[in-house]
Amino acid sequence: MTIFFSDPKEEPFGQLSNHAVGWFQLDGVLWKTVEHYFQALKLVDTPYFEEIRNAKTAEEAIQIAAFHQDACRLDWGEIQDIVMWRLLLFKFQCFDFRPVLLKTGSELLVANIPDPYWGVGPDGTGENRLGQLLMEIREIVRQRLEDNAACQCPHEEAVKMGKVCVHFLENQNQRYQQDSCRIFSGHGFDFIFACSKCASLPADDLSKNLRIVCGDCLDYLTSSSMPAKVVGLPEFSQRNARLSMVHQEQDDIPTPLPAPILDIQPVTANAGNVWVALTADKKLWQLDFERRSVSCLIELPESSLDFSKKITLHLSRSARFAAVVNTRGQNGLAVDLSVKKVIMLLDRGNYRIEHSNFSTAFFDFDNQTWLVHATNWNRLDISNPQNGELATWRISPVYKQGEKLPEHYLDYFHCGLRISPDQSWIVDNGWVWSPFGSILTWNLPRWLIDNVWESEDGPTKKVLCSRHYYWDGPLCWIDNHTLAVWGYGDDESLLVPAVRIFDVLTGEETRWFAGPTGELVFDHYLFSFDQEHGLAVWDVQTGERLYHEPDFCPTGYHPGAKTFLTVLPEGKFRVSRLVGI
């Protein structure tokens with residue numbers, strides 16, 4: 001059977017056309033179609049090269065080249081076949097086009113276009129040079145596909161290489177429809193990307209089905225596929241740093257408190273080991289572990305807070321202000337501890353609140369403390385906790401299904417917030433419908449002073465990463481513009497214990513390393529801790545684990561005092577400090 005092709009949009013073989021749209025990068029430049037680059041090379045080193053590259057369609061690119069044919073390079077007739085061969089080989093080694101060419105089997109390929117050289121011409125007697133070259137390329141691609149030592153993508157000179165099962169290269173739909181597996185080899189971060197059928201094979205049989213691609217193409221295949229199951233774990237490095245943890249029971253502090261502790265937070269502006277605790281009897285207590293003192297700061301009045309459900313305490317850096325909220329509830333309140341008075345009642349509405357933490361955070365700017373708090377599922381505001389005045393007044397846009405989205409409308413559920421050490425950036429660990437966790441960041445002074453819509457669509461707002469069914473996970477600031485986010489992968493059930501590092505100024509991920517599990521804290525080193533794995537200390541630059549205490553899971557960390565605090569059974573406390581730094 002002869003396969004005729006011409007219209008790039010015609011199924012199933014339209015992508016054989018040089019006019020088929022599929023962005024690819026060649027010679028460091030991004031091109032929309034093969035035809036764009038082919039026509040531009042006629043006029044290389046002329047002002048028309050960029051004009052052709054920016055043409056809206058392949059037809060327009062041809063017209064521009066034809067209009068300036070007097071400037072065409074003199075040797076074009078001699079090299080055009082070599083140029084076309086090179087472009088076609090590059091195109092059909094790309095994963096979005098390769099399956100279409102392989103699907104043609106061994107059939108005769110005919111370019112049914114008017115060009116008498118590249119196609120069959122207007123009367124069907126043309127040379128069909130494009131069809132002939134495609135059949136040559138088809139054989140090369142097929143031979144490479146059978147060679148598990150050959151690079152299967154166009155980037156043979158790449159330094160980083162990876163392996164993928166042959167089925168993702170043969171069939172485009174395989175990537176979009178079939179379950180996939182990310183199989184970590186146990187050698188650093190190396191993994192194999194395979195379909196579920198190949199992943200179930202014995203190691204020797206699996207290796208026969210594996211092919212080599214560059215690291216960037218492997219990343220593309222994994223990102224354009226269904227979320228992958230994870231088999232095994234990446235290897236992490238260890239280094240003996242001669243660190244140890246010294247623990248001290250706080251036997252001489254007046255304990256226990258009269259009611260169970262619901263939450264406890266450090267007074268971060270204080271270099272002393274001072275904490276504020278919220279107890280089940282609705283009281284806030286100051287605990288000073290250096291002065292060995294405990295004092296009641298305030299007894300909260302009756303409010304809409306439900307103390308039978310999880311409660312979270314938030315403190316300003318100086319601990320003058322506190323906010324107490326139902327973690328997965330609707331209500332909260334803010335208090336001024338200096339005058340022992342409730343300043344604000346907090347309410348974020350009741351839409352899907354069971355799925356996200358109540359967005360609350362204090363920050364300091366211009367010698368004043370401010371409170372960021374959720375006022376709706378898709379809206380955050382800044383208020384002055386001294387008097388409760390709103391600093392980000394605006395009318396929220398209203399959207400009705402079926403209508404055009406209004407300006408500034410935000411389809412996003414705000415969740416847990418983190419403020420950068422210099423108080424300039426905020427990170428929101430929220431989600432959008434799917435559900436899909438999406439970590440956002442934007443600039444706080446810009447939001448407060450210049451643009452009340454900065455949290456919706458301001459110029460400093462960036463999406464750092466997204467994960468299926470996962471939000472409100474561990475994260476922490478490394479410095480004023482660097483964020484550590486727990487979990488490598490793109491789906492809740494498939495996340496690998498690891499930390500990803502992002503630069504909030506650019507929104508780019510700079511690196512990642514395997515190993516950390518649980519809550520994250522940074523202070524010279526990165527600390528990770530949870531009940532199952534204990535506490536580990538990591539060098540954030542190298543990704544090496546420096547220390548591990550498997551039975552130690554602290555309640556929290558005080559950055560001023562450089563100490564961990566553990567709330568022990570029966571209301572007692574333990575203070576722990578890393579030594580050997």
Side-chain angles (χ1 to χ4, degrees), residues 253 257 261-279 281-303 305 311-327 331-348 357-375 380-392 416-426 444-445 447-449 477 480 555-563 565:
I253 192 169
L257 293 174
I261 293 176
L262 302 181
D263 197 6
I264 187 166
Q265 298 295 333
V267 181
T268 58
N270 195 327
N273 197 10
V274 180
W275 297 70
V276 173
L278 171 67
T279 51
D281 57 358
K282 305 180 183 180
K283 293 179 180 179
L284 291 175
W285 301 81
Q286 178 177 288
L287 293 84
D288 189 327
F289 290 97
E290 293 185 357
R291 297 183 177 181
R292 309 300 181 187
S293 65
V294 175
S295 59
C296 183
L297 299 173
I298 189 175
E299 181 174 357
L300 300 177
E302 291 298 321
S303 67
L305 280 169
I311 295 278
T312 299
L313 169 67
H314 299 271
L315 289 181
S316 65
R317 294 205 295 176
S318 67
R320 174 183 171 181
F321 301 103
V324 180
V325 298
N326 275 124
T327 312
N331 302 111
L333 52 82
V335 297
D336 185 338
L337 295 176
S338 67
V339 294
K340 300 182 183 297
K341 182 180 178 181
V342 173
I343 302 298
M344 298 174 59
L345 298 179
L346 308 178
D347 188 335
R348 64 166 172 167
N357 292 341
F358 198 131
S359 305
T360 320
F362 290 97
F363 73 98
D364 293 338
F365 178 74
D366 197 20
N367 297 316
Q368 185 173 328
T369 297
W370 302 89
L371 174 62
V372 182
H373 56 105
T375 51
L380 295 179
D381 276 302
I382 301 176
S383 293
N384 183 344
Q386 296 184 59
N387 52 28
E389 291 183 358
L390 184 66
T392 48
L417 307 177
R418 295 288 189 279
I419 307 297
S420 64
D422 66 355
Q423 310 289 282
S424 294
W425 293 87
I426 187 169
L444 281 169
W447 185 25
L448 180 61
I449 298 173
W477 288 94
N480 292 332
T555 304
Y557 181 74
H558 195 305
K562 311 294 184 184
T563 57
L565 179 69

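- Residues satisfying the ring-ring contact (aromatic ring centres under 6.0 Å, His included) criterion with F321, sequence neighbours excluded, are absent altogether.
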With side chain to side chain contact (heavy atoms under 4.5 Å, CB included) as the test, would you mind laying out the steps for N387 and I343 before giving the verdict? CA-CA 6 Å; N387 52 28; I343 302 298; 5.6 Å; no
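- Taking CG of N273 as the reference point, atom CZ of R292 lies at 9.0 Å (rounded to 0.5 Å).
- Every residue was checked against the salt bridge (charged side-chain N to carboxylate O under 4.0 Å, His left out) condition with D263, not counting sequence neighbours, and none meets it.
- For the pair S424 and P445, the tightest heavy-atom approach, listed with the atom from each and the gap, is O-CD, 3.4 Å.
- The distance from the CD1 atom of I426 to the CD1 atom of I419 is 4.0 Å, given to the nearest 0.5 Å.
- When all heavy atoms of F289 and L565 are compared, the closest pair comes out as CZ-CD1, 3.7 Å.
- Scored by the salt bridge (charged side-chain N to carboxylate O under 4.0 Å, His left out) test, D364 finds R317 as partners (sequence neighbours excluded).
- Considering only residues two or more places apart in sequence or on other chains, W425 meets the ring-ring contact (aromatic ring centres under 6.0 Å, His included) condition with none of them.
- Residues passing the side-chain hydrogen bond (donor to acceptor under 3.5 Å, both in side chains) test with D381, sequence neighbours excluded: T375, R379, T392, R394.
- Looking at residues two or more places apart in sequence or on another chain, you find a side chain to side chain contact (heavy atoms under 4.5 Å, CB included) between S383 and M344, H373, L390.
- Side chain of H558 to main chain of G272: a donor-acceptor pair is present (N/O by atom type, distance under 3.5 Å, no hydrogens or angles).
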Worked check of side chain to side chain contact (heavy atoms under 4.5 Å, CB included) between L262 and L313: CA-CA 8 Å; L262 302 181; L313 169 67; over 6 Å; no
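- In this structure, the salt bridge (charged side-chain N to carboxylate O under 4.0 Å, His left out) partners of K562, at least two apart in sequence or on a different chain, are D523.
- For N331, there are no side-chain hydrogen bond (donor to acceptor under 3.5 Å, both in side chains) partners at least two apart in sequence or on another chain.
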Could you walk me through whether F365 and L444 pass the side chain to side chain contact (heavy atoms under 4.5 Å, CB included) check? CA-CA 9 Å; F365 178 74; L444 281 169; over 6 Å; no
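- Taking the side chain as every heavy atom from C-beta outward, L380 and L417 approach each other to under 4.5 Å.
- Every residue meeting the side-chain hydrogen bond (donor to acceptor under 3.5 Å, both in side chains) condition with R320, not counting sequence neighbours, appears here in chain and number order: D336, S338.
- In this structure, the separation between CG on L278 and NE2 on H314 is 11.0 Å, given to the nearest 0.5 Å.
- Taking every heavy atom of both residues into account, C296 and K340 meet most closely at O-NZ, 3.9 Å.
- Qualifying side chain to side chain contact (heavy atoms under 4.5 Å, CB included) partners for Q286, counting only residues two or more places apart in sequence or in other chains: V274, S295, L297.
- With sequence neighbours excluded, the residues that form a side chain to side chain contact (heavy atoms under 4.5 Å, CB included) with L305 are S303, F307, I311, V324, N326, L333.
- Between D347 atom CG and F358 atom CZ the span is 7.0 Å, to the nearest 0.5 Å.
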I'd like to know whether N384 forms a side chain to side chain contact (heavy atoms under 4.5 Å, CB included) with W370, so could you lay out the CA-CA distance, the side-chain angles of the two residues, the decisive distance to 0.1 Å, and finally the verdict. CA-CA 5 Å; N384 183 344; W370 302 89; 4.0 Å; yes
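- Nearest heavy-atom pair, Y557 versus T563, reported as atom, atom and distance to 0.1 Å: CD1-O, 3.3 Å.
- Atom CD1 of I261 sits about 8.0 Å away from atom OG1 of T555, to the nearest 0.5 Å.
- Side-chain contact between I382 and W447 is present, with at least one heavy-atom pair separated by less than 4.5 Å.
- L448 contributes atom CG, which lies 8.5 Å from atom CG of D366 (distance to the nearest 0.5 angstrom).
- Of all heavy-atom pairs between P559 and T268, the closest is CG-CG2, 3.9 Å.
- Taking each heavy atom of L315 and P266 in turn, the nearest pair found is CD1-O, 3.7 Å.
- Partners of D281 under the side chain to side chain contact (heavy atoms under 4.5 Å, CB included) rule, at least two apart in sequence or in another chain, are P258, A259, T279, K283, W285.
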